[in-house]
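Notes to accompany the following structure.
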Amino acid sequence: GTKRGAGKIEVAEPRNKLSHPPSSLPTDAVLYSGPFPFYRRPSQLGYFSLDAERQYHGDARALRYYSPPPTNGQGPNFDLRDGYPNRYQPRDEEVREGLDHLLRWLLEHRGQLEGGPGWLAGAIVTWRGHLTKLLTTPYEQQDGWQLAASRFQGTLYLSEVETLAARAQRLARPPLLRELTYMGYKFEQYMCADKPGGSPDPSGEVNTNVAFCSVLRSRLGNHPLLFAGEVDCTDPQAASPQPPTCYVELKTSKEMHSPGQWRSFYRHKLLKWWAQSFLPGVPNVVAGFRTPEGFVCSLKTFPTMQMFEHVRNDRDGWNPSVCMNFCAAFLSFAQNTVVQDDPRLVHLFSWEPGSPVTVSVHRDAPHAFLPTWYVEAMTQ
Ligand code: A3P
Ligand code: MG
Ligand code: MG
């Protein structure tokens with residue numbers, strides 16, 4: 001403000017902050033190191049399955065059952081390269097599904113949502129994987145992201161858009177990386193059975209169209225959330241058999257030999273594992289460590305709620321509060337930016353490491369992502 005009595009008239013703030021939200025959001029970790037924000041214990045609202053042809057089913061047919069190898073004497077000896085490439089049916093990544101499967105679930109269950117009338121109108125609807133990327137943003141130094149946002153009947157929908165760099169990388173993916181991706185799914189096949197109490201059958205195909213997705217409700221700060229996430233398996237012997245606490249996330253990682261390798265694993269990989277499993281309340285991540293030849297010879301369970309302990313005293317570690325505070329700040333930023341309720345209007349939030357999040361505005365194709373079938377059915 002200007003000093004009184006200096007011959008000038010006191011001027012009010014030129015802009016109303018609410019009608020003119022900031023046009024960018026910084027992502028520096030130091031800005032988000034407050035106390036851990038409120039995060040509601042995630043509860044499962046429902047689930048759906050995608051079959052080998054990527055067709056939607058409103059049931060749990062794709063859910064698999066955790067079936068680790070017997071712990072008698074020697075450890076496992078899983079050949080993760082077995083079946084590659086002959087028994088690999090990779091999902092077609094050119095197909096842009098956006099939020100479609102989640103929207104189908106939502107359309108079929110919108111009448112039975114808990115939280116009272118109007119809960120959905122105040123909620124944010126997205127994929128768990130999109131939220132994972134938001135959580136890790138303050139520490140990400142490699143990959144940027146783009147999130148498209150539309151408001152419709154009050155609800156804010158967030159759907160990721162593949163960046164040009166990510167697309168270029170995907171199309172130029174070296175054969176060795178393609179095989180590494182296969183190996184991650186092959187590990188799941190060695191660790192899961194189709195029926196509770198059954199045994200894994202590693203002789204079959206690895207088809208990455210198949211997925212079981214849990215639909216969850218939570219809240220971050222004052223942001224009610226409805227999101228879906230792929231679940232690797234459920235543990236029939238879990239101490240708490242109620243989803244999502246019976247779910248198990250499976251991961252592979254390089255075998256480590258030096259303290260420096262472990263430190264780097266804690267700083268980088270464990271952050272991503274934590275963010276992915278903390279959001280849906282999945283309590284354990286079971287890691288298979290692979291040799292350079294692609295054999296998993298050891299397993300280790302990482303409880304999600306204990307992952308931070310590995311970096312708590314590390315100056316170059318990550319902090320769950322920073323992740324969650326940034327995510328909450330982004331959701332507020334998005335809520336304040338996307339003011340118009342219009343399913344054909346898209347605010348595109350773009351981020352590259354080293355820069356703040358920026359916004360651009362678009363209408364209709366190619367950015368609009370809420371399908372006509374959804375908008376029309378919701379308008380009935
Ligand atoms: P890993 O567990 O070895 O990472 P998820 O762990 O989320 O259940 O994913 C299962 C597998 O999908 C991963 O195994 C990896 O092989 C593959 N995958 C997941 N995200 C990927 C990505 N961004 N790029 C390449 N492959 C990915
Ligand atoms: Mg998975
Ligand atoms: Mg997994």
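What you see is a predicted model, and the numbers here were worked out from it, not measured in a lab. For reference, positions follow the sequence shown, starting with 1.
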Donor-acceptor contact present, side-chain His109 to main-chain Trp105, <3.5 Å
yes
Please name the pair of heavy atoms, one in Asp100 and one in Phe369, separated by the smallest distance, quoted to 0.1 Å.
OD1-O, 4.3 Å
Between the side chains of Arg61 and Asp59, is the shortest nitrogen-to-carboxylate-oxygen separation below 4.0 Å, so that they form an ion pair?
yes
Is a side-chain donor or acceptor of Trp273 paired with a backbone partner of Ser277 at a separation under 3.5 angstrom?
no
Under 3.5 Å, side chain of Arg87 to main-chain N/O of Pro202, donor-acceptor pair present?
yes
Test ring-ring contact (aromatic ring centres under 6.0 Å, His included) on Phe302 and Tyr266 and set out the steps.
CA-CA 11 Å; Phe302 292 90; Tyr266 295 147; 7.3 Å; no
Do the side chains of Leu226 and Leu216 get nearer than 4.5 Å, heavy atoms only?
no
Heavy-atom closest pair (Val125 atom, Leu120 atom, distance to 0.1 Å) is CG2-CD1, 4.0 Å
How long is the gap from OH on Tyr182 to CG on Leu80, to the nearest 0.5 Å?
9.0 Å
For Gln142, does the CD atom sit with more than 12 other heavy atoms under 6.0 Å from it, leaving out its own atoms?
no
Measuring from Leu220:CG to Leu131:CG, what's the distance to the nearest 0.5 Å?
8.5 Å
Which atoms form the tightest heavy-atom contact between Cys297 and Asn77, and what is the distance?
SG-OD1, 4.0 Å
Do Gln44 and Arg217 come close enough that some side-chain heavy atom pair is under 4.5 Å?
no
Would you tell me whether His130 and Thr132 have side-chain atoms, one donor and one acceptor, within less than 3.5 Å of each other?
no
Hey, does the side chain of Gln169 reach the backbone of Ala165 with a donor-acceptor pair shorter than 3.5 angstrom?
no
Less than 4.0 angstrom from a charged side-chain N to a carboxylate O is my criterion; do Arg81 and Glu293 meet it?
no
Donor-acceptor contact present, side-chain Asp28 to main-chain Val30, <3.5 Å:
no
Over 12 foreign heavy atoms within 6.0 Å of CG, Leu171
yes
Fit a plane to each ring of Tyr190 and Phe78, take the angle between them on a 0 to 90° scale, and name the class: parallel (under 30°), tilted (30 to 60°) or perpendicular (over 60°).
parallel
No-hydrogen, no-angle side-chain donor-acceptor test under 3.5 Å, Glu97 and His101
yes
Could you give the distance from OG (Ser218) to CZ (Arg128), rounded to the nearest 0.5 Å?
13.0 Å
Is the closest basic N to carboxylate O distance between Asp364 and Arg344 below 4.0 Å?
yes
Hey, does the side chain of Tyr247 reach the backbone of Ser214 with a donor-acceptor pair shorter than 3.5 angstrom?
no
Any donor and acceptor pair, going by atom type alone, linking the side chain of Asn209 with main-chain N or O of Ala52 inside 3.5 Å?
yes
Should we count CG of Asp143 as having more than 12 external heavy atoms under 6.0 Å?
yes
Does a sphere of radius 6.0 Å around CD in Gln237 hold more than 12 heavy atoms from other residues, nucleotides or ligands, not counting ones at 6.0 Å or beyond?
no
Would a 4.5 Å heavy-atom cut-off, applied to side chains only, mark Ser264 and Arg267 as touching?
no
Check the side chains of Ser67 and Arg64 for a donor-acceptor pair under 3.5 angstrom, ignoring hydrogens and angles.
no
Can you tell if the side chain of Leu250 reaches within under 4.5 Å of the side chain of Tyr66, non-hydrogen atoms only?
yes
When you compare the side chain of Tyr185 with that of Pro90, does any pair of heavy atoms fall below 4.5 Å?
no
CZ (Arg41) with more than 12 external heavy atoms under 6.0 Å:
no
Any side-chain heavy-atom pair from Gln335 and Phe333 closer than 4.5 angstrom?
no
Taking NZ, NE, NH1 and NH2 as the nitrogens, is one of them in Lys251 or Glu188 under 4.0 Å from a carboxylate oxygen of the other?
no
Less than 6.0 angstrom separating the ring centers of Tyr47 and Phe212, yes or no?
yes
Before we go on, tell me: are the rings of Phe289 and Trp262 under 6.0 Å apart, centre to centre?
yes
Other residues, nucleotides, ligands: >12 heavy atoms within 6.0 Å of Glu309 CD:
yes
Taking atom types as modelled and ignoring hydrogens, do the side chains of Thr163 and Gln146 form a donor-acceptor contact shorter than 3.5 angstrom?
no
Between Pro283 and Pro244, which heavy-atom pair has the shortest distance, and what is it?
CD-O, 3.7 Å
CZ-CG distance between Arg54 and Asn207, expressed to the nearest 0.5 angstrom
9.5 Å
Between Phe330 and Trp145, is the ring-ring contact (aromatic ring centres under 6.0 Å, His included) condition met? List the steps.
CA-CA 13 Å; Phe330 173 81; Trp145 47 254; 5.6 Å; yes
Aromatic contact, Phe48 with Tyr56 (centres under 6.0 Å):
yes
Taking the basic N atoms (NZ, or NE/NH1/NH2) and the acidic carboxylate oxygens, is any pair closer than 4.0 Å for Arg167 and Glu94?
yes
Do side-chain atoms of Thr136 reach the backbone of Glu140 as a donor and acceptor pair under 3.5 angstrom?
no
Around atom CE of Met256, are there more than 12 heavy atoms from other residues, nucleotides or ligands closer than 6.0 Å?
yes
Residues Glu179 and Lys186 bridged, charged N to O under 4.0 Å
no
